[in-house]
K.L.:
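Below you will find the structure I want to go over with you.
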Amino acid sequence: MIIDVENLVKRYRELTALNHVDLQVQEGDILGLLGPNGSGKSTMINCILSLLSYDRGEIKVFDQTMKPDSYAIKQRIGIVPQELAFFKELTVQENISYYCGLYIKDRAQAAKNVAQAIELVGLQDFTKFYPKQLSGGLARRLNIACGIAHQPELIFLDEPTVAVDPQSRNRILESIKELNRNGATIVYTTHYMEEVEFLCNQIVILDHGSVIAKGTSDELKAMVKANEKIVMTVPLITKVQEADLLKLPAVQELNYADQILEITSIDLEQTMLPVLEYLQQAKVAYADLHTKEVTLNDVFLTITGRELRDEA
Ligand SMILES: Nc1ncnc2c1ncn2[C@@H]1O[C@H](COP(=O)(O)OP(=O)(O)OP(=O)(O)O)[C@@H](O)[C@H]1O
């Protein structure tokens, strides 16, 4: 086991930021720690890293109890914090070299690592740039390179794609997959559920300091009783017709509001054709028919009654 957190409680005065949380990370995982703002993601990471004290619980990393002075363990960890953490007086290359040099004393090895980190995040054309000359996305990539150049076995990335352009975002996500392919175990915090779906083999959803769901993306989606939806614009439909549609194979639920008809199904293959046949036979006009898969946001919505992101 790479990380084992048991019964973790962290309070900030009267606010309970983490409420009896368990978390396990296995070797080779890309674990997505998903939750809305203020749910406790950063607090969790900072407790695991012993950067924050906590009120209760036990934290083991690489099967050893993590303490503030566990330097041997910390050597094996890479941290990419939410805030940009590099020196504005140093160039891209110098910044990465500095961070790498904190861990790797062999100069030839360090130089090799720095070159690999630069390539991984795609900063080859910017090695001589100073941070103020970098766009937001490139600065994020530099932040990542600084955190991973020593080639750690375990990497924490705390919302590394906030406010970056799509090109850098893709590059960052690809880099993380590459780090994982090269053997690193990854803990990735975000409130973008699409990123978690793309990257992570394990997902933990936090809300108000509690783990409200954990598992693979498919396991979490299976918690939502229905799987997919057929959505279409229907100007007019009667209550009788709605009731008929509800009786068709695998249909779980039907919603009709503002001329939008949504049919939720546990098996779209069984439902689709009968729905189309019924609409035709009953002469119900429809347009813009499409299907919608369940997302992790639906899982969150089902469990909490709220959207994962306010703007989502
Ligand atoms: N130093 C602190 N003192 C008091 N309260 C804090 C402190 N740090 C965080 N909190 C509170 O603890 C809760 C959890 O915060 P945390 O930063 O861990 O959430 P988060 O999920 O990482 O949020 P975000 O996505 O915004 O980074 C929030 O209610 C926050 O206001």
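All values below were derived from every heavy atom in this structure, side-chain atoms included, with hydrogens, water molecules and symmetry-related copies excluded. We count ligands from 1, going down the list as the structure has it; atoms in each ligand are counted the same way.
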K.L.:
May I ask you to check whether Ser168 and Arg141 show a side-chain donor-acceptor distance below 3.5 Å?
P.N.:
yes
K.L.:
For residues 63-78, pull every pair meeting side chain to side chain donor-acceptor pair (under 3.5 Å), keeping only residues two or more places apart or in separate chains.
P.N.:
Arg76-Glu153
K.L.:
For atom CD of Gln124, is the number of surrounding heavy atoms from other residues, nucleotides or ligands below 6.0 Å larger than 12?
P.N.:
yes
K.L.:
Just jot down the ligand 1 atoms closer than 4.0 angstrom to any heavy atom of Pro36, in number order.
P.N.:
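In order of number, 21 (O).
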K.L.:
Could you tell me whether Met44 approaches ligand 1 through its side chain, its backbone, both or neither, with non-hydrogen atoms closer than 4.0 Å?
P.N.:
neither
K.L.:
Establish, from distance only, whether the side-chain atoms of Glu195 and Tyr188 form a donor-acceptor pair under 3.5 Å.
P.N.:
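Checked: Glu195/Tyr188 side chains pair up, N/O donor to acceptor below 3.5 Å.
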K.L.:
At a non-hydrogen distance cut-off of under 4.0 Å, which region of Ser42 contacts ligand 1 (side chain, backbone, both, or neither)?
P.N.:
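Both the backbone and the side chain of Ser42 come within reach of ligand 1.
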K.L.:
Measure from atom 27 (O) of ligand 1 to every heavy atom in Arg11, Gln82, Lys41, Glu14 and give the option owning the shortest one.
P.N.:
Gln82
K.L.:
For the residue pair Glu262 and Asn255, confirm or rule out a side-chain donor-acceptor distance under 3.5 Å.
P.N.:
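No, because no side-chain N or O of Glu262 sits under 3.5 Å from a partner of the opposite role on Asn255.
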K.L.:
How far is atom 19 (O) of ligand 1 from its nearest protein heavy atom, and which residue and atom name does that atom have?
P.N.:
Gly40 N, 3.2 Å
K.L.:
Under the rule for side chain to side chain contact (heavy atoms under 4.5 Å, CB included), what residues qualify as partners of Pro131, not counting sequence neighbours?
P.N.:
Phe86, Asn95, Leu142
K.L.:
So, regarding Gly38 and ligand 1 (criterion: nitrogen or oxygen to nitrogen or oxygen, under 3.5 Å), is there a contact or not?
P.N.:
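Yes.
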K.L.:
Relative to the heavy atoms of Glu159, which atoms of ligand 1 are at a distance of less than 4.0 Å?
P.N.:
24 (P), 25 (O), 27 (O)
K.L.:
Looking at atom 10 (N) of ligand 1, tell me if a protein heavy atom falls under 4.0 Å from it.
P.N.:
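Yes, there is one.
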K.L.:
Assess whether atom NZ of Lys132 is packed by more than 12 heavy atoms of other residues, nucleotides or ligands within 6.0 Å.
P.N.:
no
K.L.:
Say whether Arg13 and ligand 1 are in contact under the criterion: heavy-atom distance to a ligand atom below 4.0 Å.
P.N.:
no
K.L.:
Determine, using heavy atoms of Gly209 and all atoms of ligand 1, whether some pair is separated by less than 4.0 Å.
P.N.:
no
K.L.:
Does one side chain, of Tyr54 or Thr43, offer a donor that lies under 3.5 Å from an acceptor on the other?
P.N.:
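Their side chains do not contain a donor-acceptor pair, so the 3.5 Å distance test is not met.
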K.L.:
Which ligand 1 atoms does Ser39 reach within 4.0 Å, using its non-hydrogen atoms?
P.N.:
19 (O), 20 (P), 21 (O)
K.L.:
Under 4.0 Å from any heavy atom of Ala17, which atoms of ligand 1 are there?
P.N.:
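Going through ligand 1 atom by atom, the ones under 4.0 Å from Ala17 are 12 (O).
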K.L.:
Please check if any side-chain donor atom of Asp106 sits under 3.5 Å from a side-chain acceptor atom of Gln109, or the reverse.
P.N.:
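Checked: Asp106/Gln109 side chains show no N/O donor-acceptor pair below 3.5 Å.
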K.L.:
Does Gly35 have a non-hydrogen atom less than 4.0 Å from ligand 1?
P.N.:
no
K.L.:
Looking only at the side chains, is there a donor atom on one of Gln24 and Gln202 sitting less than 3.5 Å from an acceptor on the other?
P.N.:
no
K.L.:
Report the nearest protein non-hydrogen atom to atom 30 (C) of ligand 1: residue, atom name, distance rounded to 0.1 Å.
P.N.:
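Nearest neighbour among protein heavy atoms for atom 30 (C) of ligand 1, to 0.1 Å: Leu15 CD2, 4.5 Å.
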K.L.:
If we set the cut-off at 4.0 Å for heavy atoms, which region of Thr189 has an atom near ligand 1: side chain, backbone, both, or neither?
P.N.:
neither
K.L.:
Identify which of Leu206, Asn37, Thr43, Leu52 has a heavy atom lying nearest to atom 15 (O) of ligand 1.
P.N.:
Thr43
K.L.:
To check your reading of the model: name the closest protein heavy atom to atom 3 (N) of ligand 1, its residue, and the distance in Å.
P.N.:
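Residue, atom and distance for the closest contact: Tyr12 CD2, 3.5 Å.
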K.L.:
Between Leu261, Ile260, Asp258, Leu289, which is the residue that forms a side chain to side chain contact (heavy atoms under 4.5 Å, CB included) with Thr233?
P.N.:
Ile260
